[in-house]
Amino acid sequence: MEILLTREQIKARVKELGEKISADYSGKGDLVLVAVLRGSVYFAVDLSRCLEIPFVLDFIGISSYAGAASSRGIVRITKDLESSIVQRHVLLLEDIVDTGLTLNYLMQNLRTRNPASLRVCAFLDMPARRIVNIPLDYCGFSLPDFYVVGYGLDHQERYRNLEVVAALKEMP
Ligand code: IMP
């Protein structure tokens with residue numbers, strides 16, 4: 001494994017994002033943070049601790065279909081939001097935007113529920129693998145094309161609890 005982002009780098013950047021988001025949403029009222037299960041949980045917890053504005057934290061669970069459907073970005077909602085987002089400001093928290101297919105599906109789904117606004121905050125952006133181009137309103141770090149783990153990101157459910165982000169390399 002090669003460490004790409006240290007604990008200190010992540011902490012500093014998450015704090016910056018929290019300050020920016022707090023300033024942008026200050027006085028707007030009724031912000032719902034939607035964290036996508038399971039990868040973005042670690043990011044959502046740390047980011048939400050840095051916010052200086054009121055918010056509701058909610059979760060949406062998704063799972064990809066195998067095969068052709070996954071390459072078209074068709075995902076299944078395994079756990080829906082508890083809160084209504086009608087006429088509320090929504091900030092979707094993603095762990096990583098890779099092809100963009102999952103984010104595209106989620107944005108389309110949430111938009112049909114008539115939020116007052118819908119923005120995205122992604123912890124990691126991997127633009128090299130993008131298929132659907134969706135502008136990211138807030139982004140922690142942009143990384144080159146590696147398979148990364150840690151800070152919520154897994155490889156077959158392992159490594160989510162690493163406090164760093166590391167590139168997973170094949171054994172020689
Ligand atoms: P998408 O390709 O943008 O649709 O990415 C969908 C999901 O795949 C992300 O939310 C992650 O959960 C997972 N994923 C994509 N790239 C990586 C990676 O490099 N490491 C771990 N998980 C990833």
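Note that ligands are numbered from 1 as they come in the structure, with each ligand's atoms numbered from 1 the same way. Since the model is a prediction, treat every value here as computed from it, not as a measurement. Heads up: numbering here begins at 1 and tracks the sequence.
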| said: Any protein heavy atom at under 4.0 Å, with atom 22 (N) of ligand 1 as the reference point? | reply: yes
| Is the closest side-chain heavy-atom distance between Y138 and D24 below 4.5 Å? | yes
| D95 near ligand 1 by a heavy-atom separation under 4.0 Å | yes
| message | Test your reading of the model: is there a side-chain donor-acceptor pair from K79 to the backbone of F59, 3.5 Å cut-off? | response | yes
| said: Taking only non-hydrogen atoms of L101, do any sit less than 4.0 angstrom from ligand 1? | reply: yes
| Contact atoms of ligand 1, heavy-atom distance to F146 under 4.0 Å | 19 (O)
| Atoms in ligand 1 with a heavy atom of T99 nearer than 4.0 Å | 1 (P), 2 (O), 3 (O), 4 (O)
| query | Can you say whether the rings of Y147 and H155 are parallel (under 30°), tilted (30 to 60°) or perpendicular (over 60°)? | reply | perpendicular
| request: For G100, counting its heavy atoms only, list the atoms of ligand 1 lying under 4.0 Å from any of them. | output: 1 (P), 3 (O)
| remark: Per-atom filter on ligand 1: closer than 4.0 angstrom to a heavy atom of Y147 are 17 (C), 18 (C), 19 (O), 20 (N), 21 (C), 22 (N)
| request: Mark up the atoms of ligand 1 that fall under 4.0 Å of a heavy atom belonging to V148, in ascending order. | output: 18 (C), 19 (O), 20 (N), 21 (C)
| said: Name the residue from V149, L153, I3 that meets the side chain to side chain contact (heavy atoms under 4.5 Å, CB included) definition with L162. | reply: V149
| said: Parallel, tilted or perpendicular: which one describes the rings of F141 and F123, with boundaries at 30° and 60°? | reply: perpendicular
| said: Using a 4.0 Å cutoff against the non-hydrogen atoms of E94, which atoms of ligand 1 qualify? | reply: 10 (O)
| Donor-acceptor under 3.5 Å (R130 side chain, G100 main chain) | no
| Does any N or O in the side chain of R88 come within less than 3.5 Å of the main-chain N or O of S84, such that one atom is a donor and the other an acceptor? | yes
| query | Of the options V14, L5, V164, which is the one that meets Y151 in a side chain to side chain contact (heavy atoms under 4.5 Å, CB included)? | reply | V14
| Exam field: side chain R129 to backbone T99, donor-acceptor pair closer than 3.5 Å | no
| said: For atom 16 (N) of ligand 1, what's the nearest protein heavy-atom neighbour? Residue, atom name and distance, please. | reply: D98 OD2, 2.6 Å
| message | Within the 4.0 Å heavy-atom shell around D154, which atoms of ligand 1 are there? | response | 21 (C)
| query | Among protein heavy atoms, which sits nearest to atom 13 (C) of ligand 1, and what does the distance come to when rounded to 0.1 Å? | reply | I96 CG2, 4.2 Å
| message | Using a 4.0 Å cut-off to any heavy atom of T102, which atoms of ligand 1 qualify? | response | 1 (P), 4 (O), 5 (O), 6 (C)
| said: Just to check, does H155 reach to within less than 4.0 Å of ligand 1 when the distance is taken from its heavy atoms? | reply: no
